Amino acid sequence: MSTYQGVLGVNKIDKGYQFSVWAPYAKSVSLVGDFNDWDEDQDAMQQADNGIWWVDIPTAANNDQYKFCIEPADNKKSTKNDPRARKMTNSVGNSIIYDDDFNWKIDDFELPPIHQRIIYEMHIGTFNQISDQRGTFNSAIEKLDDLVELGVNVLEIMPVNEFAGDISWGYNPAAPFAVEEAYGGPDGLKQFIDAAHQRGIGVILDVVYNHFGPSDLDIWQFDGWSENEKGGIYFYNDHRSSTPWGETRPDYGRTEVCDYIKDSALMWLREFKADGLRMDMLPFMRCISGEDNGQDDIPEGYQLIQDINSTIKQNFANKMCIAEDLHKHDFITDPVEQNGCGFTSQWDAQFVHPIRAALTQPSAENIELDKVIGALQHSYSGHVYSRVIYTESHDEVANGQARIVEEVAPGNVDDDFFARQKGIIAATLVLTSAGVPMLFQGQEMKESGWFDDNKALNWQKKQQFNEYYTAFQQLIALRKNNQGCSAGLTGEQTQIIHRDDKNKVIGFSRSNGIADEQVNVYLNLSDAEIEEYALSGLNDEARCLFAWSDGIVTEQVSVNNSAIKMPKYGVFIFSN
């Protein structure tokens with residue numbers, strides 16, 4: 001005699017599959033699909049405890065399409081996709097039975113140590129488009145060797161859950177368990193992650209749990225019940241439903257909804273072997289308005305965040321969990337045992353905003369070195385690697401903003417001296433400061449404009465601006481201490497050793513606590529050129545590891561009585 005297996009969704013049994021779904025207010029539920037010619041009267045589902053309906057279908061087969069036919073109290077039947085479907089024809093199509101039988105080539109990948117991680121944020125749909133078609137997991141695989149060449153070792157992928165339409169940033173999740181079919185579906189994502197692992201690159205997935213949808217959302221009024229014309233069992237049905245993206249905040253107070261979100265998070269790590277998660281816009285999970293003023297907190301949302309991170313830490317100790325919060329709180333990366341959220345790292349607003357402000361000033365006179373120094377020395381939870389540092393991300397190069405080079409020289413990035421110089425200064429600050437550095441796709445090729453999910457990354461710029469690209473390569477290699485001469489850049493200590501407010505020159509030392517492995521970084525943030533410029537903390541025996549003037553000039557640098565020729569917007573990195 002068959003019984004409910006206790007696992008929601010589709011599960012393989014001795015003969016066929018068992019289907020189960022949570023629909024507590026449904027009057028009846030039946031299953032329709034390829035296996036019964038979509039006859040809603042053929043396979044009625046039985047009720048189990050806690051509003052769960054289930055049925056065994058011996059004739060169901062892998063890749064069969066299916067849906068739930070739900071009859072609510074008002075008798076107005078509707079067909080709904082499986083909220084836990086791993087595969088769908090598309091966001092408005094059907095659920096598909098999907099056997100998890102992918103043949104992994106790499107089964108035991110681990111991220112590099114946190115002090116050597118270089119993150120590269122990527123959007124699958126634009127990263128490598130082929131012949132005017134949207135990018136896919138397969139097309140992205142074709143460019144992974146380029147990222148190996150660049151030196152990055154962690155990819156942070158913008159959301160790939162099934163979303164409305166075929167083109168999107170991904171922050172409109174229609175089905176939190178399914179993989180966007182236009183990108184290649186679940187097997188495509190597994191192939192991509194496996195291919196990255198074969199090349200020594202980890203993959204972190206961006207997930208969205210502060211809202212769902214708002215469109216193509218089958219879980220909306222899923223079993224017919226709702227209050228105040230709101231979303232029903234998966235959502236708050238009062239003022240707490242309100243988000244900037246619609247009335248679609250999940251009900252973190254329902255155990256079943258929390259389990260739904262938590263199971264989704266764990267699925268990416270367990271079934272897809274992702275190396276971590278980046279959780280989108282935590283303020284809208286922690287409080288209603290996102291303003292973080294203590295007036296409209298959502299305690300159960302905070303508790304869910306803690307629960308997800310605690311479970312990940314217990315079961316996947318080496319995975320990385322990144323928060324986008326941007327309110328500069330230590331508690332985001334404090335351990336759960338200290339009532340923190342328990343994230344590994346958080347995107348650092350204290351770095352990106354002051355640095356972008358300094359580099360986009362039309363006049364160097366307006367640069368405030370105090371704010372630059374504050375960005376260099378900031379940390380969370382007493383640990384420098386609790387922050388992800390960057391000057392470009394999908395948010396910072398869109399929504400009315402653009403890439404730094406575009407902000408500096410609108411419409412003239414390719415030929416502008418200032419755009420080139422400030423782009424390299426931005427890279428230097430990201431890749432030599434204490435924290436986990438992150439680049440946004442195309443930053444290394446001097447990509448211009450702003451992020452647009454319809455605009456392909458221009459890979460021709462890699463050759464067009466080869467010296468610019470090479471500078472990124474060299475900076476990344478130094479950051480990882482590839483040659484054994486820049487270990488200081490992997491350390492936790494930062495000391496300001498040179499400050500010139502008049503000429504806007506700054507110098508800082510980076511150290512791992514061993515004096516003879518200290519690295520000194522000097523930057524000229526102005527267009528003042530000085531023939532003989534004395535740099536504090538520099539001795540004549542110092543070895544120049546990297547220098548940028550109007551291009552890479554490392555081999556040409558000589559130190560005389562701690563002085564060098566200081567070019568406009570010059571960059572110097574020395575090993576003492």
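Computed from a predicted structure; not experimentally measured.
Counting non-hydrogen atoms of other residues, nucleotides and ligands closer than 6.0 Å to CD of Q303 gives a total of 12 or fewer. In this structure, K77 places its NZ atom where more than 12 heavy-atom neighbours from other residues, nucleotides or ligands lie under 6.0 Å away. The neighbour count for E337 CD, taken as heavy atoms of other residues, nucleotides or ligands under 6.0 Å away, is above 12. By the 6.0 Å contact criterion, NZ on K143 is enclosed, its count of non-hydrogen atoms from other residues, nucleotides or ligands being greater than 12.
Looking at N128, its side chain never comes within 3.5 Å of a backbone N or O of G135 through a donor-acceptor pair. No donor-acceptor pair under 3.5 Å is formed between the side chain of N454 and the backbone N or O of I167. Using modelled atom types, no side-chain atom of D37 and backbone atom of D39 make a donor-acceptor pair closer than 3.5 Å. Side-chain N or O atoms of T391 include none that pairs as donor or acceptor with a backbone N or O of R356 at under 3.5 Å. Proximity of a side-chain donor or acceptor of S95 to a complementary backbone N or O of N81 within less than 3.5 Å is not detected. When atom types are taken as modelled, the side chain of D99 and the backbone of N62 share no donor-acceptor pair closer than 3.5 angstrom. A donor-acceptor pair is defined here as one N or O able to donate and one able to accept, closer than 3.5 Å; no such pair exists between the side chain of T248 and the backbone of H211. A donor-acceptor pair under 3.5 Å links the side-chain atoms of R117 to the main chain of P112, judged by distance alone. Under the 3.5 Å distance criterion, the side-chain polar atoms of K461 are left unmatched by any main-chain donor or acceptor of E444. Between the side chain of K80 and the main chain of D218, a donor-acceptor pair closer than 3.5 Å is present.
Contact check for Y260 versus R254: no side-chain heavy atoms found under the 4.5 Å cut-off. The side-chain heavy atoms of E256 and I233, taken from C-beta on, include no pair separated by under 4.5 Å. With a 4.5 Å cut-off on side-chain heavy atoms, I130 and T136 do not count as touching. N210 places none of its side-chain heavy atoms less than 4.5 Å from the side chain of T243. Counting heavy atoms from C-beta outward, N161 and P176 have side chains that stay 4.5 Å or more apart. Looking at I476 and L439, their side chains come closer than 4.5 Å, going by heavy atoms from C-beta outward.
Of all non-hydrogen atoms in S20 and V7, the two that sit nearest each other are OG-O, 3.0 Å. Nearest heavy atoms, P250 versus I261: CB-CD1, 3.8 Å. Closest approach of P299 to D297, counting heavy atoms only: CD-O, 3.4 Å. Heavy-atom minimum distance, V21 versus P83: CG2-CD, 4.1 Å. Here the closest non-hydrogen pair linking A48 and W54 is CB-CD1, 3.9 Å. Across all their heavy atoms, Y390 and W347 have their closest contact at OH-CE3, 3.3 Å.
Ring orientation note: the planes of H394 and Y171 are close to parallel, at an angle under 30° on the 30°/60° scale. Taking the six-membered ring for Trp and thresholds of 30 and 60 degrees, H327 and H329 have nearly parallel ring planes, at less than 30 degrees apart. Note: F102 and W104 have perpendicular aromatic rings, judged against thresholds of 30 and 60 degrees for the angle between ring planes.
Test E247, E300, E227 against R240 for salt bridge (charged side-chain N to carboxylate O under 4.0 Å, His left out) and you get one pass: E300. Each of W459, F192, F440 was checked for a ring-ring contact (aromatic ring centres under 6.0 Å, His included) with F127, and the lone residue meeting it is W459. The residue from Y209, W22, Y25, W220 that alone fulfils the ring-ring contact (aromatic ring centres under 6.0 Å, His included) condition with Y234 is W22.
The salt bridge (Lys or Arg N to Asp or Glu O under 4.0 Å) contacts involving residues 159-169 comprise R134-D166, where partners must be two or more places apart or lie in separate chains. Annotation: salt bridge (Lys or Arg N to Asp or Glu O under 4.0 Å) contacts involving residues 273-288, sequence neighbours excluded, comprise D107-K273, E156-R278, D206-R278, R278-D280, R278-E324, R286-D292, R286-D325.
Note: F35 and F19 meet the aromatic proximity criterion, with ring centroids under 6.0 Å apart.
Rounding to the nearest 0.5 Å places CE of M267 at 5.0 Å from CZ of F272. Taking CD of Q198 as the start and CG of L144 as the end, the distance is 9.5 Å to the nearest 0.5 Å. Between the OG atom in S91 and the CD atom in E181 there is a gap of 11.0 Å [rounded to 0.5 Å]. For the atom pair NZ (K328) and CD (Q346), the distance works out to 11.0 Å, reported to the nearest 0.5 Å. For the atom pair K27 NZ and D223 CG, the distance stands at 14.0 Å (nearest 0.5 Å). Atom CG of D64 sits about 10.5 Å away from atom CD1 of I57, to the nearest 0.5 Å.
D453 is linked by a salt bridge (charged side-chain N to carboxylate O under 4.0 Å, His left out) to nothing, counting only residues two or more places apart in sequence or in another chain.
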Report task. Take R84 and D82 through the salt bridge (charged side-chain N to carboxylate O under 4.0 Å, His left out) test and state the conclusion after the steps. Result -> CA-CA 5 Å; R84 292 171 177 260; D82 184 352; over 6 Å; no
Requested in this report: Kindly determine whether E447 and R403 satisfy salt bridge (charged side-chain N to carboxylate O under 4.0 Å, His left out), including the steps that lead there.
Outcome: CA-CA 8 Å; E447 181 66 284; R403 295 175 181 270; 5.4 Å; no
**Report entry** side-chain contact (heavy atoms from CB on, under 4.5 Å) between L282 and I305, worked out
**Finding:** CA-CA 9 Å; L282 284 188; I305 293 166; 3.6 Å; yes
Query - N94 and W38: CA distance, side-chain angles, deciding distance, side-chain contact (heavy atoms from CB on, under 4.5 Å) verdict - result: CA-CA 11 Å; N94 299 325; W38 298 84; 3.7 Å; yes
Requested in this report: Kindly indicate, with the supporting measurements, whether the criterion side-chain contact (heavy atoms from CB on, under 4.5 Å) is fulfilled by F472 and L150.
Outcome: CA-CA 7 Å; F472 274 73; L150 178 62; 4.1 Å; yes
Query - Steps toward ring-ring contact (aromatic ring centres under 6.0 Å, His included) verdict (W169, F451) - result: CA-CA 10 Å; W169 288 25; F451 174 68; 5.2 Å; yes
Query - Stepwise salt bridge (charged side-chain N to carboxylate O under 4.0 Å, His left out) check, D100 with R86 - result: CA-CA 9 Å; D100 185 11; R86 300 303 198 266; over 6 Å; no
Query - Worked verdict on N339 versus Q306 for side-chain contact (heavy atoms from CB on, under 4.5 Å) - result: CA-CA 8 Å; N339 200 35; Q306 292 181 310; 3.2 Å; yes
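Counting only N and O atoms by type, the side chains of D43 and S30 include no donor and acceptor under 3.5 Å apart. Under the 3.5 Å distance criterion, with hydrogens and angles disregarded, a donor-acceptor pair is assigned to the side chains of T126 and Q441. Counting only N and O atoms by type, the side chains of T79 and E40 include no donor and acceptor under 3.5 Å apart.
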